[in-house]
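Have a look at the structure below, then the notes.
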Amino acid sequence: MDLSSLKDEQNRLALKLNLKDRISPNRVRFVAGIDLTYLNIWKNPTLGIAALVVWDVKEKSIVDVFYYEQEVDFPYIPTFLAYRELPLVLGVFKKCNVEVDAFMLDGMGIIHPRKLGIAAHFGVVCDVVSLGCAKSHLIGVYDEPANVPGDYKPVFVENELRGFVMRSRKNANPIFISPGNNITSHSAVETTLLCLEGYRLPQPTRLAHNYLQQYRRKLLSR
DNA sequence: GCGACAG
DNA sequence: ATCTTGTCGC
């Protein structure tokens, strides 16, 4: 694989980013969380499974759940995650027939060397509102948020604000929130806050992850 | 040159 | 990212 040409593609797609709000965060009601798992992470071509959970932030309830399976070949390479996971994300996205206000992905939005983490990449390709909620650091400088739920601090890359690092739950490691597409850094945080229900991860991606574990277990136990 | 590096 | 129950700390 030629990483330099993939870099070129990331730079080209990043030019299409819209970092303004397509929808005001206080009008967001349905947030879709997308997550992936693999049948055998130690094998290279292996079956990948994607889940998409639509979460109603007003009713605090699950609207619908969708799944998609496909063989995955591309390896995990930091800053090129989308080339491994995007085919699965697009597959489950096409299955979703519910009107979604914003898509939340596991991973970075524009907190990425070329502003094109998987959430940004997906948002540009599908022209939807998207944001990234990552569980760990990739790049960027920041101060640790206080140990108080909801506290957050800016994350800078090349002296530019790219997102926020938030203490979503007391005594838990912070999460990294950044715009994907058609949303501001501030609205990405607001949208995440709407989805926090006492767990470290916001409900859409947390539930997608949980449903995937069940789905995967059933596949393995037969 | 060295270390860090989403999932 | 997975395996895997109980256990410790706030």
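These numbers were taken from a predicted model, which means no experiment stands behind them. Throughout, protein chains are lettered first and strands after them, A, B, ... in sequence-line order, and every chain is numbered starting at 1.
Taking 4.0 angstrom as the limit, A:Ser136 places a side-chain polar atom (N or O) nearer than this to OP1 or OP2 of B:dG7. Side-chain nitrogen and oxygen atoms of A:His209 include at least one within less than 4.0 Å of the OP1 or OP2 phosphate oxygen of C:dT2. Close to C:dA1, at under 4.0 Å from its OP1 or OP2, lies no side-chain N or O of A:Gln213. For the pair A:Thr37 and C:dT2, the criterion of a side-chain N or O lying under 4.0 Å from OP1 or OP2 is met. Listed pair A:Tyr76 / C:dA1 fails the phosphate criterion, with no side-chain N or O lying under 4.0 Å from OP1 or OP2.
A salt bridge links A:Glu160 and A:Lys115; the closest N-O separation between the charged side-chain nitrogens and carboxylate oxygens is under 4.0 Å. Salt bridge absent: A:Asp101 and A:Arg27 never bring a charged side-chain N and a carboxylate O closer than 4.0 Å.
Using a 4.0 Å heavy-atom distance criterion, A:His137 is classed as a sugar-phosphate-only contact. Across all strands shown, A:Ile118 has heavy atoms under 4.0 Å from base atoms, whether or not it also approaches the sugar-phosphate. Residue A:Phe80 is classed as a base contact, given a heavy-atom separation below 4.0 Å to a base.
Between the C1' atom of B:dA6 and the CZ atom of A:Arg200 lies a distance of 12 Å, rounded to the nearest Å. Rounded to an integer number of Å, the gap from CZ of A:Arg84 to C1' of C:dA1 is 8 Å. Look at CZ on A:Arg217: it is 8 Å from C1' on C:dT4, rounded to the nearest Å. One interatomic measurement links the two molecules: CG of A:Asp35 to C1' of B:dA6, which rounds to 12 Å at whole-angstrom precision. The nearest whole Å value for the distance from the CZ atom in A:Phe122 to the P atom in B:dG7 is 17 Å. Across the protein-nucleic acid pair, A:Lys135 atom NZ and C:dT2 atom P stand 9 Å apart, rounded to whole Å. In this structure, OH of A:Tyr142 is placed 14 Å from P of B:dA4, rounded to the nearest angstrom. With rounding to whole Å, A:Leu81 atom CG is found 5 Å from B:dG7 atom C1'.
Here the nucleotide nearest the side chain of A:His112, chosen from B:dA6, C:dC3, C:dA1, is B:dA6.
For the 3.5 Å distance criterion, the side chains of A:Arg114 and A:Thr79 qualify, holding a donor opposite an acceptor.
Along DNA chain C, the nucleotide closest to A:Tyr38 and the one closest to A:Lys170 are compared, and the more 5′ of them pairs with A:Tyr38.
Geometric assessment of A:Arg206 against the ring of A:Tyr199 yields a positive cation-pi assignment under the 6.0 Å and 45° thresholds.
Using cut-offs of 30° and 60° for the angle between ring planes, the A:Phe74 and A:Tyr83 rings count as tilted.
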